[in-house]
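What follows is a set of notes on a single structure, which appears directly below.
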Amino acid sequence: MRIAVLGASGKVGRLLVDQAIERGGQVVALVRAPDRYEVPASAKAGRIEVRHADVFQPEGFPDLGDVDAVVSAIGIGKGDGPGALVAGAKVLAGAQVRTVWLGALGSGVSTGAGGRIYQAIMRLAVGKELAEKAEADRIALQAGAAVFHAPDLKGGPISPTRHIVPLADLRRPLLPPRISRASLASLMLDEAENGRHAGGIVVPLP
């Protein structure tokens with residue numbers, strides 16, 4: 001399978017690339033600075049292609065007609081600045097390819113779904129970005145993407161019990177939920193491969 005990863009140089013993006021290669025797939029790494037992108041040591045010849053991709057320059061965004069799916073790993077804390085999420089959602093919506101979009105639990109329609117403590121933390125940590133995340137999700141969903149509303153992310157290995165649940169089926173937790181970035185990457189790649197939740201919001205859990 002040939003998968004494009006938007007934001008391949010970020011923490012989640014690097015894991016997506018590594019795991020996709022480990023699964024035997026081919027990767028198109030979409031990054032703003034190809035000259036600074038470090039190709040994973042695990043990548044064999046021909047298994048990864050690096051393309052310059054700037055969501056703020058949609059006219060020059062690379063064609064994705066040769067990939068089976070695209071997974072977006074851009075998000076808050078990546079240094080993209082205001083508007084990057086909406087711009088990215090619009091670009092991928094126009095690409096007309098199976099898309100897995102990374103959103104955040106506690107934004108938009110999932111406000112409050114992570115519990116009161118978690119929501120309070122979200123308002124303090126990313127309050128000013130919540131509106132943009134909600135708008136980006138709306139665009140991605142309208143285009144048929146599977147949107148992952150990830151809870152707080154941490155380091156660590158892939159959890160053997162990792163799973164996803166539709167947002168509507170999520171039981172509101174008492175304590176703030178967390179999941180490892182490796183587990184999130186694994187679940188997003190699963191969705192890129194099977195496309196079972198296209199056009200819906202799911203929550204990844206450990």
Side-chain angles (χ1 to χ4, degrees), residues 5-7 10-13 16 30 55-56 58 69-154 162-181 183-192 195-206:
V5 178
L6 179 61
K11 291 181 179 178
V12 175
L16 285 165
L30 303 173
V55 297
F56 288 116
V70 57
V71 182
S72 171
I74 61 173
I76 296 171
K78 302 288 190 298
D80 294 310
L85 295 177
V86 169
K90 288 180 177 179
V91 167
L92 295 187
Q96 297 184 335
V97 62
R98 180 186 296 173
T99 299
V100 182
W101 178 263
L102 177 57
L105 186 65
S107 65
V109 295
S110 72
T111 298
R116 292 183 179 180
I117 298 175
Y118 179 84
Q119 196 64 42
I121 294 173
M122 282 290 289
R123 290 194 187 97
L124 289 173
V126 295
K128 62 183 180 180
E129 288 96 357
L130 288 176
E132 180 180 350
K133 293 189 77 65
E135 175 62 11
D137 287 352
R138 185 193 66 77
I139 295 169
L141 285 169
Q142 191 172 40
V147 176
F148 275 59
H149 271 206
D152 188 35
L153 300 178
K154 62 179 181 179
R162 66 194 180 283
H163 61 289
I164 59 176
V165 297
L167 177 60
D169 297 336
L170 179 68
R171 297 179 61 183
R172 183 177 298 183
L174 177 61
L175 297 176
R178 303 188 78 193
I179 188 173
S180 71
R181 295 181 183 87
S183 296
L184 170 63
S186 178
L187 291 168
M188 293 183 77
L189 287 175
D190 288 344
E191 178 61 31
R196 293 176 182 169
H197 299 90
I201 296 178
V202 296
V203 180
L205 298 172

Write down the atom of [X], the atom of [Y], and the distance for their closest heavy-atom approach.
| X | Y | value |
| --- | --- | --- |
| Asp137 | Gly103 | OD1-CA, 4.0 Å |
| Val86 | Glu132 | N-OE2, 3.5 Å |
| Pro176 | Ile121 | CG-CD1, 4.2 Å |
| Ser107 | Leu130 | CB-CD2, 3.8 Å |
| Ala104 | Ser110 | O-OG, 3.6 Å |
| Leu170 | Ala113 | CD2-O, 3.7 Å |

Practice problem: Compare all side-chain heavy atoms of Ile179 with those of Leu153 and state whether any distance is below 4.5 angstrom. | Solution: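 Side chain of Ile179 against side chain of Leu153, heavy atoms only: contact under 4.5 Å found.
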Quiz item: Looking at side-chain heavy atoms only, is the closest gap between Val91 and Phe56 below 4.5 Å?
Solution: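 Result no, sub-4.5 Å side-chain heavy-atom pair not found.
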Quiz item: Rounded to the nearest 0.5 Å, how far apart are CZ of Arg181 and NZ of Lys11?
Solution: 4.5 Å
Self-check item: Interatomic distance, Leu16 atom CG to Ser186 atom OG [nearest 0.5 angstrom]
Solution: 9.5 Å
With no hydrogens and no angle check, is any side-chain donor or acceptor of [X] less than 3.5 Å from a backbone partner on [Y]?
| X | Y | result |
| --- | --- | --- |
| Tyr118 | Leu105 | yes |
| Glu135 | Leu85 | no |
| Arg162 | Pro204 | no |
| Gln119 | Gly114 | no |

Quiz prompt | Residues Val55, Leu6; criterion side-chain contact (heavy atoms from CB on, under 4.5 Å); working and verdict | solution = CA-CA 9 Å; Val55 297; Leu6 179 61; 4.2 Å; yes
Quiz item: Hey, which of Lys133, Met188, His149 is the one that makes side-chain contact (heavy atoms from CB on, under 4.5 Å) with Leu102?
Solution: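 For Leu102, the side-chain contact (heavy atoms from CB on, under 4.5 Å) test succeeds with only one of Lys133, Met188, His149, which is Met188.
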Practice problem: Go through the steps to decide whether Ile139 and Trp101 satisfy the test side-chain contact (heavy atoms from CB on, under 4.5 Å), and finish with yes or no. | Solution: CA-CA 10 Å; Ile139 295 169; Trp101 178 263; over 6 Å; no
